[in-house]
Each structure stands twice: as structure tokens, then as C-alpha cells.
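Working notes, beginning with the structure itself.
What you see is a predicted model, and the numbers here were worked out from it, not measured in a lab. Index from 1, following the sequence.
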Amino acid sequence: MRQTAPARETVAVESDDAVMARIAGRDALAFSRVVEAQVGLVHRVAYRMLGDAAEAEDVAQEALLRLWASADRWRAGQAGIAAWLTRVAVNLCLDRLRRRRFASDAEVPDRPDGAALADEAMAGEQLRAAALAALGDLSERHRAAIVLTYYEELPNAAAAEVLEMKLKAFESLLLRARGAMRERLAARGLTTLVENGA
């Protein structure tokens, strides 16, 4: 009798629509899997938009809670859970940034350097800090365009969808955002970064 090779276990990957149907039915396991898979992305976007880890955590929690609360209104065939959460996180960040603008005119304080580092590491950290500071100087929409395109590496079409814009309008926004970022970097003396197309 011929023995057959053991059947490989196949893991069915559910579509986002199927997962959302389960969450709409209050399946806590399905929701916890979405949280586990997406919380890093949402927190990363929020941190880059806001520059504050605690606020980014609040935004991530709020976005995920909104997913749970609105699961029964999910429209099948839309871009997907990650895109939906990214859009919600960006909008929550934009709201917080607008409130900040009215709450305080104070400049964001520089972070103190906590430890002595090697020259190369210090230069890299200073460059990152300066780039984040320059990013923080941009308008909310410009900041969102830069974060989604360069930090999250979304294609223009996906970033446009997150910001609920037409592709051409987003590309125009991104062009202006890059110009504004160049100006902010040049003002900080980072001409080499500007010359390299930052």
C-alpha cells in the first residue's frame, strides 16, 4: 500500500470583510487579532504626526475602539482594515494638532541628550531630531503627507485615500509639503539633506 505524504495544514487567511463581519458579531478573538496586527502601525503613524508617545498611544487606542464600535457599519470592498485605521488615526492626529495650535503658542522644547554617544551615532541622532523638529514645524496636512509617504512608505494613491483626497490633489499637496520640509531643513543648516532630495 502506497503511503501518501502528510497533507500540509493550510491556514485560511480571512479577508478583511470577513474579519469585520466577525467583529460586528462581537467576536473578541477576531478583534484582539486585529489589535495585535495593527496597533504598531497606528501608533507609529500617530507618533510621527504628534511627536509624543503618550498621545500616540491614546490615538491608537481611540482608533481601535472606533473600529470595534463601528464594525456593524463596515462597507464590504473598501480599502481594508489597515487603511481604515490609518485614516482614522491621521484624522484624530489632525484634530489634536488643531487643538494644540489654539491651546499654546509655546515652542516644543528640545529633548536633552541623556547619554554620551559616539560621534557618528550623535550625528545620526541630531539629524533625526532635526528632521522630526522640521516635520513638527509643518502644517498638519503637510505633516500628514510626509509621514504617510516617507515614513509609512504608502503609495500616493493609498496616502490620498487615507486623507480622502483625489490623487492629483494629494500629489500637489505632497509637492508643497516637500518644499516646506526643504525650507525647514535648510533653516536648520541641513543643506546636505536638502541637496539629497529630502
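Looking at Arg176 and Ser172, their side chains do bring a donor and an acceptor atom within 3.5 Å of each other.
Hydrophobic clustering keeps Leu65 apart from Ile23 (ILVMFWY residues linked when any side-chain heavy atoms are closer than 4.5 Å, directly or through intermediates).
To the nearest 0.5 angstrom, Asp58 atom CG is 9.0 Å from His43 atom NE2. We find the CD-CZ distance between Glu62 and Arg66 to be 4.5 Å, quoted to the nearest 0.5 Å. Atom CG in Leu135 sits 5.0 Å away from atom CE in Met181 (nearest 0.5 Å). The distance from the CZ atom of Arg184 to the NE2 atom of His142 is 8.5 Å, given to the nearest 0.5 Å. Once rounded to the nearest 0.5 Å, the distance linking OG of Ser15 with CE of Met20 reads 11.0 Å. To the nearest 0.5 Å, the span separating CZ on Arg75 from CG on Asp17 amounts to 11.0 Å.
In this structure the side chain of Arg98 reaches within 4.5 angstrom of the side chain of Asp95, judged on heavy atoms. At a threshold of 4.5 Å between non-hydrogen side-chain atoms, the residues Thr86 and Val42 do not count as touching. Put simply, the side chain of Tyr47 does not reach to within 4.5 Å of the side chain of Asp52, judged on heavy atoms. Residues Arg143 and Leu97 form a side-chain contact, since some pair of their non-hydrogen atoms from C-beta on lies under 4.5 Å apart. Under the 4.5 Å side-chain criterion, counting only non-hydrogen atoms from C-beta, Arg141 is in contact with Leu94.
What you find for Trp74 and Ile81 is that their closest heavy atoms are CH2-N, 3.8 Å. The minimum heavy-atom distance linking Ala89 with Ala63 is given by the pair N-CB, 4.5 Å. Between Ala56 and Leu50, the shortest heavy-atom distance links the atoms N-CD1, 4.3 Å. In this structure, Gly80 and Asp16 approach most closely via the heavy-atom pair CA-OD2, 3.2 Å. Summarising the geometry of Leu174 relative to Tyr150, their closest heavy-atom pair is CD1-CE1, 3.9 Å, with the distance given to 0.1 Å. Among all heavy-atom pairs drawn from Ala145 and Ala177, the shortest one is CB-CB, 4.3 Å.
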Are Leu175 and Phe170 close enough, and set up right, to give a side chain to side chain contact (heavy atoms under 4.5 Å, CB included), and what steps lead you there?
CA-CA 9 Å; Leu175 185 65; Phe170 175 78; over 6 Å; no
Just do the salt bridge (charged side-chain N to carboxylate O under 4.0 Å, His left out) check on Arg96 and Glu55 with the steps written out, would you?
CA-CA 9 Å; Arg96 283 172 180 254; Glu55 271 198 288; 3.1 Å; yes
Would Leu167 and Glu161 count as a side chain to side chain contact (heavy atoms under 4.5 Å, CB included) here? Give the steps.
CA-CA 8 Å; Leu167 179 59; Glu161 188 174 329; over 6 Å; no
For Ser70 and Trp84, what are the C-alpha separation, side-chain angles and deciding distance, and is it a side chain to side chain contact (heavy atoms under 4.5 Å, CB included)?
CA-CA 11 Å; Ser70 61; Trp84 189 93; 3.5 Å; yes
When you look at Val59 and Met49, which way does the side chain to side chain contact (heavy atoms under 4.5 Å, CB included) test go after all the steps?
CA-CA 11 Å; Val59 165; Met49 289 283 300; over 6 Å; no
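In this structure, the side chain of Ser32 engages the main chain of Leu29 through a donor-acceptor pair within 3.5 Å.
Glu152 has a carboxylate O that lies under 4.0 Å from a charged side-chain N of Arg44, or vice versa, which qualifies the two as a salt bridge.
Atom CD of Glu164 is surrounded by more than 12 heavy atoms from other residues, nucleotides or ligands within 6.0 Å.
Annotation: cation-pi pair Arg26/Trp68 present, NZ/CZ under 6.0 Å from the ring centroid and within 45° of its normal.
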